[in-house]
Protein chains: 2
Amino acid sequence: MAGDRGGTGGSEGMAVPRAAKTQRRTRIQEEKEERILDAALEVFSSSGFRGATIDQIAEAAGMSKPNLLYYFRTKEAIYRTLLESMLFTWLEPLKAIKAEGDPESEIRSYIRRKLEMSRDFPRESRLFANEMLQGAPHIEDDLTGPLKALVDEKAEVIRSWIKAGKIARCDPHHLIFAIWATTQHYADFDVQVCAVLGEKRSGEGRFEDAARFLEQLFFEGLRTKQA
Amino acid sequence: MAGDRGGTGGSEGMAVPRAAKTQRRTRIQEEKEERILDAALEVFSSSGFRGATIDQIAEAAGMSKPNLLYYFRTKEAIYRTLLESMLFTWLEPLKAIKAEGDPESEIRSYIRRKLEMSRDFPRESRLFANEMLQGAPHIEDDLTGPLKALVDEKAEVIRSWIKAGKIARCDPHHLIFAIWATTQHYADFDVQVCAVLGEKRSGEGRFEDAARFLEQLFFEGLRTKQA
DNA sequence: GTATGTTTTTACCAACCGGTCAAATTATCA
DNA sequence: TGATAATTTGACCGGTTGGTAAAAACATAC
């Protein structure tokens with residue numbers, strides 16, 4: 001508990017090499033820690049916390065288990081580090097919603113951004129999904145705290161747009177859920193999506209198709225225009 | 001491989017008590033197997049296959065591990081049984097879509113049914129989600145086989161509705177994905193939904209709100225009617 | 001070179017895990 | 001009642017798991 005930490009400023013037992021008397025953080029430390037976190041993301045995101053093993057992570061990171069444990073003291077420490085940094089970037093798109101912007105294009109680009117995250121960071125999405133499925137034991141506080149606060153804030157923004165008649169009357173919270181669900185689905189259920197679309201349509205182009213569809217869904221709905 | 005099976009007609013090593021010479025399936029067998037499957041659903045759905053342990057399941061089922069293994073020979077056997085029976089009921093709502101029906105009300109009741117499943121069988125939904133996150137190692141064949149076939153068939157139905165001008169032009173597959181995503185979200189991400197909605201709105205009434213919102217989303221979209 | 005600090009490896013441990021086995025217990029029925 | 005079959009239990013096994021201890025290997029500064 002005492003003395004100097006690594007510097008990343010995180011929770012207990014995390015990324016604190018045994019000794020750090022001369023320098024705060026060497027090049028090699030950062031590099032190795034990054035490799036570990038990358039490997040851990042791979043393993044945790046597909047097996048969940050309980051299902052993942054340190055050995056798997058160590059092997060994926062190309063080092064021995066004790067060597068890995070030299071950088072992160074416990075399995076939990078790796079997991080928490082991963083979750084924390086993920087949660088932050090994960091909420092960026094939502095934070096980016098501006099009350100002063102044009103409602104329709106704000107929502108449109110929010111959807112687009114979230115979809116891009118599913119395309120570019122599917123492992124992060126699956127890590128989060130796994131944590132949710134397990135009942136969010138590691139991030140309960142974040143959910144009811146900062147996350148809820150942020151969502152409530154943005155829900156209020158949406159509500160103001162509704163009041164101004166800029167978008168249709170609807171429940172803002174459920175709108176946000178729907179955006180989360182539809183976009184993250186392409187990362188979390190990727191196997192299913194690819195299996196169902198078949199070989200021809202499951203290439204990277206599926207994200208274009210998805211974007212087109214979601215844009216239409218959220219703004220036009222399914223009803224035909226002519227009566 | 002030889003001889004008589006239990007009767008549930010499943011895959012290898014499943015629900016085959018050591019001896020079955022007089023009767024095919026006793027009352028006590030069915031009852032115990034049900035208790036095991038219920039407990040297993042609880043554990044698997046929140047920890048995934050790898051993360052779950054036989055001991056956990058046995059304890060949740062109120063019996064010793066060897067006793068549990070008397071009814072199901074392996075952990076995998078329990079899991080497969082669970083997945084199989086789940087997949088079947090899980091696709092019922094999709095199967096129920098009738099090409100001859102009114103497009104809008106067919107889709108509407110499909111959404112409603114799926115949402116009801118999330119409300120009434122959240123564990124089954126999470127089990128499925130967990131399997132997907134792990135890359136669907138146990139049901140790959142089902143995905144590319146029967147499931148794809150069914151989805152393709154219903155996608156064709158939707159396409160015919162579009163051609164007939166009954167619903168707006170859109171990609172049927174992605175429409176189905178969107179329905180899956182939005183409805184299952186309320187089961188899979190239940191913790192998050194409840195945390196974000198807060199204590200007041202996270203009661204059972206949230207499914208009513210969700211139903212109302214989704215109905216609007218899918219048919220009206222967010223655009224206001226007056227220009 | 002040596003001294004000092006950092007990183008990696010080898011060997012190891014106790015707890016846990018999936019699963020087996022044989023014996024003990026309980027139900028069934030003549 | 002005893003005989004027979006179904007169920008349950010306790011002891012156990014080899015492999016895995018999260019994690020430790022100590023020493024070896026490596027880097028660096030002097």
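Residue numbers start from 1 in every chain, and the chains themselves are labelled A, B, ... in the order their sequence lines are given, proteins ahead of strands.
Taking atom CD of A:Glu31 as the reference point, atom P of C:dT7 lies 11 Å away to the nearest angstrom. Atom C1' of nucleotide D:dT9 and atom CD of B:Glu59 are separated by 17 Å, given to the nearest angstrom. Atoms CD (B:Glu33) and P (D:dA6) sit 14 Å apart, rounded to a whole Å. The nearest whole Å value for the distance from the CG atom in B:Leu69 to the P atom in D:dT9 is 13 Å.
Heavy atoms of B:Ala52 sit under 4.0 angstrom from primed sugar atoms or phosphate atoms, though from no base atom.
With DNA chain C read from its 5' end, the first of the two nearest nucleotides for A:Lys65 and A:Leu68 is the one closest to A:Leu68.
With hydrogens and angles left out, the side-chain atoms of A:Asp190 and A:His185 include no donor and acceptor closer than 3.5 Å. A donor-acceptor pair shorter than 3.5 Å cannot be found between the side chains of B:Arg212 and A:His174.
Ring geometry for B:Phe49 versus B:Tyr79: interplanar angle of 30 to 60°, hence tilted.
Here C:dC17 is the nucleotide among D:dG19, C:dC17, C:dG19 with the atom lying nearest to any side-chain atom of B:Asp55. With distances taken from any side-chain atom of A:Thr53 to the nucleotides D:dT8, C:dG19, D:dG18, the minimum falls on D:dG18. Closest approach to the A:Tyr71 side chain among C:dG19, C:dT7, C:dT9 is made by C:dT7 (side chain taken as heavy atoms from C-beta onward). Minimum atom distance to the side chain of B:Pro66 is reached by C:dT20, of the listed D:dG18, C:dT20, C:dT9. Taking every side-chain heavy atom of A:Lys32 into account, C:dT7 is the closest of D:dT17, C:dG18, C:dT7.
Remark: B:Tyr70 is not in phosphate contact with D:dT8, judged by side-chain N or O atoms under 4.0 Å from OP1 or OP2. Between A:Ser64 and C:dT9 there is a side-chain polar atom (N or O) within less than 4.0 angstrom of OP1 or OP2. Within the 4.0 Å cut-off from OP1 or OP2 of C:dT7, not a single side-chain nitrogen or oxygen of A:Asn67 is found. Side-chain N/O atoms of B:Gln29 include none lying less than 4.0 angstrom from OP1 or OP2 on D:dA6. In this structure, A:Arg50 does not reach the C:dC16 phosphate: none of its side-chain N or O atoms is under 4.0 Å from OP1 or OP2.
Donor-acceptor pairing under 3.5 Å, judged by distance alone, is absent between the side chain of B:Lys75 and the base of C:dG19.
The side-chain tip of A:Lys95 points at the ring of A:Phe88 from less than 6.0 angstrom away and within 45° of straight on.
Annotation for B:Phe207: atom CZ counts as buried by contact number, over 12 foreign heavy atoms lying within 6.0 Å.
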